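Keep in mind that what you see is a predicted model, and the values were worked out from it rather than measured. Here is the naming used below: chain letters follow the sequence lines, and residue numbers restart at 1 for every chain.
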Protein chains: 4
Amino acid sequence: MPTDRRSPEPREPVEPAAFAPADDDHPREECGVFGVWAAADAAALTALGLHALQHRGQEAAGIVSFDGERFHSHRALGLVGDTFSDARVIASLPGRAAIGHNRYATTGDTVLRNVQPLYADFEFGGFAVGHNGNLTNATQLRRALVRRGCLFQSTTDSEVFVHLIAISLYSTVVDRLIDALKQVQGAYSLVALTAEAMIGVRDPFGVRPLILGRLPSPAKEGGWVLASETCALDIVGASFVRDVEPGEIVVIDDNGVRSIKPWAKQASRFCIFEFIYFSRPDSVVEGTPVYEVRKRIGAELARESHVPADLVVPVPDSGVPAAIGYAAEAGLPFELGIIRNHYVGRTFIEPTDSIRHLGVKLKHSANRSLIAGKRVVLVDDSIVRGTTSRKIVEMVRAAGAAEVHMRISSPPTTHSCFYGIDTPERDKLLAARNDVAAMARIIGVDSLAFISIDGLYCAVAGVARDPARPQFCDACFTGDYPIPLVDLASPANDRQLSLLAEG
Amino acid sequence: MPTDRRSPEPREPVEPAAFAPADDDHPREECGVFGVWAAADAAALTALGLHALQHRGQEAAGIVSFDGERFHSHRALGLVGDTFSDARVIASLPGRAAIGHNRYATTGDTVLRNVQPLYADFEFGGFAVGHNGNLTNATQLRRALVRRGCLFQSTTDSEVFVHLIAISLYSTVVDRLIDALKQVQGAYSLVALTAEAMIGVRDPFGVRPLILGRLPSPAKEGGWVLASETCALDIVGASFVRDVEPGEIVVIDDNGVRSIKPWAKQASRFCIFEFIYFSRPDSVVEGTPVYEVRKRIGAELARESHVPADLVVPVPDSGVPAAIGYAAEAGLPFELGIIRNHYVGRTFIEPTDSIRHLGVKLKHSANRSLIAGKRVVLVDDSIVRGTTSRKIVEMVRAAGAAEVHMRISSPPTTHSCFYGIDTPERDKLLAARNDVAAMARIIGVDSLAFISIDGLYCAVAGVARDPARPQFCDACFTGDYPIPLVDLASPANDRQLSLLAEG
Amino acid sequence: MPTDRRSPEPREPVEPAAFAPADDDHPREECGVFGVWAAADAAALTALGLHALQHRGQEAAGIVSFDGERFHSHRALGLVGDTFSDARVIASLPGRAAIGHNRYATTGDTVLRNVQPLYADFEFGGFAVGHNGNLTNATQLRRALVRRGCLFQSTTDSEVFVHLIAISLYSTVVDRLIDALKQVQGAYSLVALTAEAMIGVRDPFGVRPLILGRLPSPAKEGGWVLASETCALDIVGASFVRDVEPGEIVVIDDNGVRSIKPWAKQASRFCIFEFIYFSRPDSVVEGTPVYEVRKRIGAELARESHVPADLVVPVPDSGVPAAIGYAAEAGLPFELGIIRNHYVGRTFIEPTDSIRHLGVKLKHSANRSLIAGKRVVLVDDSIVRGTTSRKIVEMVRAAGAAEVHMRISSPPTTHSCFYGIDTPERDKLLAARNDVAAMARIIGVDSLAFISIDGLYCAVAGVARDPARPQFCDACFTGDYPIPLVDLASPANDRQLSLLAEG
Amino acid sequence: MPTDRRSPEPREPVEPAAFAPADDDHPREECGVFGVWAAADAAALTALGLHALQHRGQEAAGIVSFDGERFHSHRALGLVGDTFSDARVIASLPGRAAIGHNRYATTGDTVLRNVQPLYADFEFGGFAVGHNGNLTNATQLRRALVRRGCLFQSTTDSEVFVHLIAISLYSTVVDRLIDALKQVQGAYSLVALTAEAMIGVRDPFGVRPLILGRLPSPAKEGGWVLASETCALDIVGASFVRDVEPGEIVVIDDNGVRSIKPWAKQASRFCIFEFIYFSRPDSVVEGTPVYEVRKRIGAELARESHVPADLVVPVPDSGVPAAIGYAAEAGLPFELGIIRNHYVGRTFIEPTDSIRHLGVKLKHSANRSLIAGKRVVLVDDSIVRGTTSRKIVEMVRAAGAAEVHMRISSPPTTHSCFYGIDTPERDKLLAARNDVAAMARIIGVDSLAFISIDGLYCAVAGVARDPARPQFCDACFTGDYPIPLVDLASPANDRQLSLLAEG
């Protein structure tokens, strides 16, 4: 349930960072990671990869490169293109190895000290790491480390990795890393860089994606790539090799790729929301094309909750593939009844109340002459707080729609995510407090339907959910959390990570 | 044939403005205009209107307001949201009347002195004006005015309006304006502001659009709005009153709207390209919904040049409505085979060669698993230079398409526009130098087809083109220029407008 | 009576430019001008010259160069070094001829449209001009020109020059310039640039300085320089040739220097305040070294108003030479009893009241251990409003001074200047409302003395003032204005120059 | 031997920070510290104090405040006034306690991670510290701490303080601090802030100054101030209480000031260069007024190395007090023969070679009419590399001086400082490689003389140097280093502190 600009839900206003407890400092972001080993222009390729993964995080971006002797870092708030399209920035990141990280966008203040990749000078050399996911015992570990004399620079959960590695009694980097990983709980896909190797890690449940690719031999000398999604391989012309497996560590150096599996084999629990919304439609995730899955979800929705109508309209842009699938299955025309304004950008901050009250109109406008007098099926991917859905419906009605039926390509979102997707507190989730009929009234539609959990599983994987051992992590729909929520069990006031409020 | 970021054609690299002859200084931009009379928050409403008209010009934007005593101006390079979402900027534009102007985006240097609305202190008071269109005798007039002792501030063609008004021997503003209009030739939709009235003007041929709207009574006190398109009425909640007619001057003051028609009635020649590409799909232009027209063009294309295929793919985003029409008529699935990256923005400037060579991939990516092995019909709105089309086709082929057929929702663009749409010199137009078969080879498609001129007229207006008196301006397709190209007839070296190259 | 940062008087807070009548828009600045003809790196040399003349104006700076074909302009708010130390800016100003202008600093908003050199495209070619001084009939002329249809771009008095030239019926630039000059009244030293020549002009009274210099032959090819002061020759290694004479036009082209004197010879009235404060101490002005003059004024002061004391302390930095002269004549030690903080800069804007109330302490601090228990003679150059003097005295008393005697190296400032030095309205001048005894009480000193007008004349020129035909302009001390104050005689509400308030 | 902008020596060009070994990353800066306890507007007062101490460091500045609950930090490159004159910045630093730090200016890249005060979240709460001085065993300690698993954020020597405190086994902050201090060697004056107290520390030799002051009772509630110099007390209206003693820790909390002396008493070795150049002339240092000392040095110089001459000219601004003393003793006139341009600022970066070659002229200009034909005694405070001295002499000769005699108010600088003043490597010091006669030839003077070491001691303290136990640290003149140079004894390649080169 990400709430970035593509989301159907407006983000809560974030207070100026007077206090920075775990929640407000956003340690639980969704993110994208990318890395290149053994290729010319490694930092430029990483910038491209991060650009292709921009949908996974728009708050900040960073790259660390290694030139054979020293590490080079550049981290900045804002989009990848804002920072890394400057030739001087790329030139300041020399070397044939680099890793990068995209961080999730917020409207409030974000501090540079939290932007990844994190870097540390260990006794044995430099080490950089980017993390996609979220740890569930980071606060507990942090407290213990501080007690021991460790000084934390950031308020991210990810920093515990570097301290655990720093104090490990093992001697090699990989052994120290395994030592650290055995102490953390939660979801993590990591890309790390040392002087000797690039390392990829995926947690035992494989909640977040991580893939291995290879650059074409002549042009880029057959270097290796790690990335969150296949769309980041496409942009640099790399070919897909394989998924990094749940519970696998891949160590990539000049001898090739070495695989280490320090955990006993267990059933994976990949995040099903990656299919519904988060991954890019042109990515192939866990072997399945995302676009195809979304069309199948739309078709399933049409079968489960058909309604007589004149046209099917996606809420742009994320609702488009499901709407195409719905329209085809329902035999209704697919139409662009809502136009998205591509120029809203990051900067339209609504200077006056009269503009602010226009709300969603800055981003979307109704195609009046198309909609007027018609029965409209609106297709969207999810309902989080419900505030944007209500505005969209209002706009469609004001354009003269005769009926408005909303169809959602996910089950009701009833629980928060603690594995790397930022969701509101549970009591802010519309579906946690209301049944579907009540939600329909609140949003103002003539009918509302969500896909069933089994329908979703069928569309994604071809079989229904196995309640005994679910094939995916679907905690946001079911409350079935596969990994213990350790920190959540601690007293709430325990969660302040730093006494420093930095401007 | 606009060449902004939504265009299928990359803009020619613009030289650092060492020389600023008429061409490089872009006096021939396409633009958007907006004005509000008698409403609270006039400048904020104008910012919204310009935001809705952002597709008509992304280079720069400006607003002039009048507070009953003084005029206030803010003009800046960049998008409307970059500048006018700052509450301090809006606060610096007090008053119940305001006009604004969007100017077409270029990648090269643009100088502030050319940003509109232009403002002048006349003997009788302040006067501001924004101009959409292009004059064809501006250079000739400018030369005569300079000879008389007039000092030009800008290199825009629009500045002749203010000097002609300043030196007119008539006494009222409106009489002076008419005096000026009778001396200019070309395409113009104007919005002007004085202490007494807001004025809208459309040239006798009505080449560019201009509409009149009204704000809802209670909220905004029934103030009046002038705008280039209806989508700008929607965003401020105004209702459509009527088109300003070709050859009409509307003078809006506290007594209402007065209409003046200083020219003999003649047949209008509205720009047909506004339907094909330039206007927003949710606008109603000259009484016809643009989205509907584009679907009809797509259907006509399917009838005229059917080809066996597996799927219809739009070149995003402008090709979407025509592709929907084409797919429905051809009975083929409509699919998002090309994904547009929404984060490219203005700032991704490709720091290295290895990134630059990836070219179009920063903006678009192919949906590989959808396209591989399929016969694809690509639908786009126009081909100007052909360079982007070639890259798109290359990308689609690299994704494994079995066949690529391109269908264009306009006739071949064989001539430059001189009435307000920036097009390359004629010899840069692919269709000016090649027949369709040669174009297909250059672009690399299995087949290429354009809609016929009569097919286009039927889709737009329901009847074929009348060669004796064409119903629209279609000079870019036919070379039939309705308004004399006076300056073009002068010697080329005559066109340098200023000896000043400002940094 | 300049009130820049070196001034003993704080500038009145300037309102945000909601209204821009003549006074608030500061058309009456003191300025510096510089020009180079026929030398490599002309713009770089001009930047240096303006840097040496920075004390004459810190508000803004501009340079226009000519490359043999086109003119190039760069103008910016701020110090010369802020803008023209950027290699890209200098590179954007190619050519072997350039002129530049420094504009006086204000704390309020200043608009770019008022920054000089002004540039105009005349029928016969480009023309740029920088103006030091102030016209006394500019408003009257402006009104007539606007009535004729001239459109003014700025609110500076200087713009009337370019319009008068543009509409002149003469054919050559020089004849048109003379035609224009004959219509203006006031003080002006001009440096102008055309494609054929660099032109220097000094008004018939020679109120403001202007000198001619020459670059060394081998290095800079013997090019010519025009400048406000000799210190600007020194920095570029040019030698002093001669003063441009009052009422003289020098036309410098590749044939050398041509002198034109279009007025009947009359007695000059050079501004005596240039000696007291405005010119740099290392300049030679009207044949006399400024530093030497200031020491002589100090010595004269000591003779005129001796007082028993322990040490002589200058108010830094402008009071130093007079204090040295005073101390030597009085046989007292010269000591740095007040330390100036060199880091105050333009940016220390006092964020809180508690800092604001410390006032002068940010700029100056008392040397406590030196001053405590001593009888101190403070030497300063002038008293305008008196507010800073009062704070300085307070600070010196707080540091423990036994007695504080203030000696001023100019006569009481009783009248405003209208010839190019920004002074407060007359009723804000302390000396206009109080006799010396009252001023001493207000400022809080044990004694206060000003140099006599005859003492000043003797120190400057060796002879007393000739009341019949004073040798200098001393209007600020005597009210004897040599040039008629035409605009001042018009009704005050007539002075609004523009209805536009630009942000 | 600081080499900031007031220095007679240009700084060596600093390489873009491709490598950041200890030397290039400037851990050995001279700095200023300031702190306030128990006063309203603590951050604003600290900004003022840092402003008064700006001469001690212009590279960067930072403030940490404590509001009773959380700490707030703002650190930035540039001058105090550039950053802390912004009301929003001060408002972001709430609380009644604050400490601040000025860091020495360099022309090269400086990274934010090195700007102080450093802040750490310890187990027992927040801790901030600012350090003036330089440690001589910081690299050795750092290596041991990294080995233990400590992660360093900066490359400053000062960071070892916080890690040593973090890992100390003692329980109270003060005990942990003493534990840390006992492990470090070098020069340090510290100001630290915890939730309970403000702490001041001076190393056992008292190399750097630190003083205690008190705010006036009614206005600022009698809060306490720590500062490097008395001039910082004057600006906030605080009274001088006493010097913090060498080897003393002062703990200031709401119960008042507690003194702790954890070391055995030993003879102090205050830095004698603080008197010659570094401290501000209006400060009272170690009980002695700096201005008075400098005049006495000048007088002693005149006695030691008299030469027949016409005038005494200071090299501005640091040479002025010594020149006054010299002139008075020698019976010669004191004259401003060199004018300093106050507008050079940080930004005049000399865009072209022709400007660069003018070198010193941007900063200084000769007062030609004063100097021509005269025998000039130039008085300056020190000669480091000698390059600026040579340019100054060249400029004075070019202005026509008959003879140039240089007198230096310190002995020859023959050794580098390792206790907190940035000096070039020893082989770059002119006096390390040349005798006085050779130096005179290189600089181009007719005669050159330095004050003798005993003359200096007499002027400062009234007695000659005791070679057995010198009363001051004078290592830069004598090579007698009171504190062991531990790190310097280690192999040079050992000194790389971080593998990260941050942009």
* If you round to the nearest 0.5 Å, how far is CG of A:Asn341 from CD of B:Gln54? -> 7.5 Å

* Return the minimal non-hydrogen interatomic distance between B:Pro281 and A:Asn367, and the atom names on each side. => O-OD1, 3.9 Å

* Structure fact -> Sorted by chain and number, sequence neighbours left out, ring pair (Phe, Tyr, Trp, His ring centres under 6.0 Å) with B:Tyr291 holds for none

* **Most chain A-contacting option - heavy-atom pairs closer than 4.5 Å, from B:Ala399, B:Ser369, B:Ala52** => B:Ser369

* Asked: Using non-hydrogen atoms only, which part of A:Ala398 is less than 4.5 Å away from chain B: side chain, backbone, both, or neither?
  -> neither

* Any chance the side chains of B:Arg280 and A:Ser365 put a donor and an acceptor closer than 3.5 Å? -> yes

* To do: Look at A:Glu292, A:Lys295, A:Glu335 and state which one has the largest set of heavy-atom pairs under 4.5 Å with chain B.
  => A:Glu335

* Under the salt bridge (Lys or Arg N to Asp or Glu O under 4.0 Å) rule, collect the residues that match up with B:Asp310, sequence neighbours excluded. => B:Arg375

* Structure fact -> So, the part of B:Leu336 with a heavy atom under 4.5 Å from chain A: the answer is both

* Does the side chain of A:Ile338 come within less than 4.5 Å of B:Asp282's, by heavy atoms? -> no

* Rounded to the nearest 0.5 Å, how far does CG of A:Asp234 lie from CE of B:Met395? -> 10.0 Å

* Asked: Below 4.5 Å, heavy atoms only, C-beta onward: do B:Leu48 and A:Leu362 meet side chain to side chain?
  -> yes

* Asked: What part of B:Ala91 lies closer than 4.5 angstrom to a heavy atom of chain A: side chain, backbone, both or neither?
  -> neither

